[in-house]
Amino acid sequence: MRDALRMALTLLIIGAICGGLLSVVNGITAPMIADRENQQFLQALEGFFPDVVKFEVQEINGEEFYSCYDAAGKFIGVVGKVKASGYGGEISYDLAVSDAGDIIGIRISSHGETPGIGDVITKPAFQDRVIGLNFADPISAGVDVDTVSGATVSSSGMINSIRRVMNVVGENFLGMEVEKAAIDLTKIADGTYTGTARGFKSDVTVEVVVSGGKITSLEIVSHDDTPGISDNAVKGMPQRIIDAQSLEVDVVSGASMTSQGIINAVFNALK
Amino acid sequence: MSTIAQEFSKGLLKENPTFRLLLGMCPTLAVSISAINGLGMGVSALFVLLCSNIVIAALRNLIPSKVRIPAYILIIATFVTIVDMVLNAFTPDLHKALGIFIPLIVVNCIILGRAEAFARKNNIVRSIIDALGMGIGFTLALTILGIIRELFGKGSIFGFGVMGTAFEPMGILATAPGAFITLGIMLGFVNFMFKRLRIE
Amino acid sequence: MERKLVVSSSPHLKSPDDIQSIMVDVLVALFPVALMAVFLFGYRALITMIIAMVVAMATEAIILRKGNFFGDGSAAVTGLLLAMTLPPAPPWWVVAIGSIVAIAIGKQIYGGLGNNIFNPALVGRAVLVVSWGTHIAGNVWLKPVPFGFTADMVTQASPLTTFNASLGDLFLGTVSGSLGETSALALIIGAVWLFYRGHIDWRIPGGFIGVVFLLGLISGGFSMGLYHVLAGGVLLGALFMATDMVTSPVTPAGKLIFGVGCGVVTMAIRLFGSLPEGVTFGILLMNGLAPLIDNLTLPKKFGEVKKINA
């Protein structure tokens with residue numbers, strides 16, 4: 001008994017001393033670390049907004065957005081640390097949007113695209129097509145913004161993602177109305193509607209039945225996306241949309257391009 | 001009883017943790033990609049080893065032997081966390097380069113091994129000498145590996161380009177297979193030299 | 001004279017082959033391939049082959065501290081095989097480093113000929129590919145110019161990335177590619193000599209080529225199957241690299257498994273991997289498995305009976 005007590009006591013004392021020591025060191029270093037990290041972020045943001053002196057971080061759907069302010073405290077723009085799906089997996093990039101809704105700059109931080117082909121997204125050849133676009137511009141891969149030939153999947157993945165990010169930024173930071181969110185089912189007359197939009201590598205066509213202000217049935221009429229990969233989206237997305245009675249639904253992971261295509265097709269059908 | 005000098009030099013040569021005892025291989029392979037990383041890792045481990053050896057030797061009669069391992073781990077983890085915080089505050093680049101391998105010093109066999117095999121049986125002075133010898137031996141080994149891999153894999157030493165612009169670095173040395181190849185060749189070389197010079 | 005009783009360990013039966021004669025046979029078998037390379041790619045191919053062989057032999061002579069430069073000939077074979085896997089005209093130092101790595105790290109570090117786990121020439125090539133990929137697999141494929149001994153260098157894409165060469169060109173070798181891999185005809189002539197001399201067994205190349213053909217067939221029909229066999233390094237790898245006696249299994253069943261494994265890995269890399277060619281890594285991977293394959297396929301000893309559980 002005395003033995004056990006002694007052991008417990010020894011460990012307790014050692015633990016307490018260690019904890020005390022750590023809190024002292026932490027007290028000294030924590031402010032330094034925080035200060036330095038702040039500096040690093042500021043430097044990164046200065047690449048897009050040279051006037052930035054202060055920023056605020058906000059997390060939206062798992063992605064971080066940095067609102068930037070100049071010396072006078074005026075809001076000058078937003079930088080989003082966001083992700084797109086490309087040919088070789090996820091593309092992480094920073095997108096800077098000014099307070100007027102213009103794309104100021106884009107910086108790819110990591111990607112798995114094929115060297116010499118898909119990595120065109122890191123180069124001016126692609127980035128110049130995107131920079132300068134405004135929130136109000138229609139941004140749709142292959143329609144309003146040309147994809148890079150030979151790197152269609154990489155560039156259209158980026159363009160679709162940029163449209164999505166622009167919507168998030170517009171809604172949350174610039175106070176703009178996002179058209180897509182504005183589909184009002186109650187105002188749509190009963191009937192059957194068809195719409196088409198781009199999926200992963202083919203056009204997805206859907207048939208939507210609306211009755212009494214509700215989507216009662218949603219069918220994928222045709223698509224030619226990769227079998228096996230897109231299957232989950234084709235099976236899962238209609239039910240998600242019907243359940244939510246909205247297009248604001250999560251995409252099926254692993255088949256996000258096809259999922260997004262289905263959402264866009266429904267939007268096109270009902271708009 | 002061995003002399004102080006012997007106690008110190010054994011960590012450098014005869015019982016060099018990396019080249020002779022093959023302890024702490026995980027950080028050795030992972031961070032020896034450049035000379036500065038090797039040096040930083042070595043010095044960090046040296047600091048933790050020195051502090052933990054001192055404390056453990058000082059407390060050797062107070063810690064009940066049944067709970068000595070948790071007690072050692074507590075002490076070692078404390079010093080490792082201190083190193084982690086200090087590096088993050090003062091040398092952020094090195095901290096970023098070493099990454100997860102700083103916290104992992106806690107489970108580095110060299111440190112727990114010296115605590116268990118040496119510090120708990122010897123007085124403070126001898127434990128300090130032992131920690132210095134072992135720690136410097138580890139640091140030297142990592143720095144040498146780092147210099148070799150950086151020199152041929154990137155064409156620089158401690159970040160200074162020394163091979164000229166025409167030099168095309170041997171990329172494999174900067175990758176994980178390169179770590180194994182370099183370590184293997186160094187082990188063979190050290191064994192060869194020991195045999196040659198009859199140091200046993 | 002005092003009589004001595006000599007007791008030696010097996011083997012007691014000796015074949016007339018020794019290492020040197022086998023190596024000379026391999027060199028002879030590689031001759032048509034080398035000739036074809038010079039015919040297509042000119043003097044640059046010749047220089048690449050000479051550098052590779054001389055550096056390999058020099059490295060071996062220095063490490064073994066032997067005066068005899070040619071030695072048992074295995075270094076010359078390794079050097080030449082390495083050159084066969086390289087593009088026609090890489091920088092000279094790339095070739096030299098490849099040879100040094102092949103002999104020093106691929107072979108001698110393990111204890112010399114017979115003790116190496118991996119095919120030395122392929123070890124050399126693998127290190128070069130990872131280190132200086134742009135010189136080995138980048139925009140380096142010279143357009144072949146028959147009889148153009150000193151023709152200018154014109155580069156073009158390798159048939160394994162374009163998939164547009166005709167099967168006839170692939171068979172003759174008038175396509176771009178590594179020195180020794182373009183001409184199926186020359187490789188087959190060389191291999192016939194090795195078969196005739198009994199140095200290689202049909203099982204390894206048979207399994208290797210068969211599987212490559214089969215998987216190519218599944219992926220894109222009959223002509224695609226043939227294309228996969230003829231384009232790239234499959235024939236060179238299957239006939240000259242995978243059949244290396246030291247690094248392949250010795251049991252008959254093991255050899256077949258080994259060949260099939262090489263083919264499967266090669267095609268997996270070609271069809272699904274990020275590299276256009278997978279022969280090197282296919283063979284190296286199976287080299288590593290060869291001892292295990294041998295263990296699993298040991299033949300039953302004569303007179304051995306299954307143990308019955310009591």
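Proteins get letters first, then strands, A, B, ... in listed order; numbering begins at 1 in each.
With hydrogens and angles ignored, the 3.5 Å screen pairs a side-chain donor or acceptor of B:R149 with a backbone N or O of B:T175.
With a threshold of 4.5 angstrom between heavy atoms, B:L62 approaches chain A through N, CA, C or O but not through any side-chain atom. Residue A:L22 touches chain B through both its backbone and its side chain, counting heavy-atom pairs closer than 4.5 Å.
Between A:I162 and A:I103, some side-chain heavy-atom pair lies under the 4.5 Å cut-off. Using a 4.5 Å cut-off on side-chain heavy atoms (C-beta onward), B:R114 and B:I56 make no contact. Considering only heavy atoms from C-beta on, B:F138 stays 4.5 Å or farther from B:M134 through its side chain. Put simply, the side chain of A:L11 reaches to within 4.5 Å of the side chain of B:P70, judged on heavy atoms.
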Below 3.5 Å only, please: all the donor-acceptor pairs between chain B and chain A, one per line.
| from | atom 1 | to | atom 2 | distance (Å) |
| --- | --- | --- | --- | --- |
| B:L62 | O | A:R6 | NH2 | 3.1 |
| B:N88 | O | A:R36 | NE | 3.2 |
| B:N88 | O | A:R36 | NH2 | 3.0 |
| B:N88 | OD1 | A:R36 | NH2 | 2.5 |

Any chance you could lay out the side chain to side chain contact (heavy atoms under 4.5 Å, CB included) test for B:N191 and B:F19, step after step, and finish with the verdict?
CA-CA 8 Å; B:N191 274 342; B:F19 292 142; over 6 Å; no
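Between chain A and the options B:I75, B:I63, B:V67, the largest number of non-hydrogen pairs under 4.5 Å is found for B:V67. Of the listed residues B:I82, B:L59, B:V55, the one with more heavy-atom pairs under 4.5 angstrom with chain A than any other is B:I82.
By the side-chain contact (heavy atoms from CB on, under 4.5 Å) test, B:I129 is found to be paired with B:I4, B:E7, B:F8, residues two or more places apart in sequence or in another chain being considered.
Residue-environment remark: CZ (B:F158) exceeds the threshold of 12 foreign heavy atoms within 6.0 Å.
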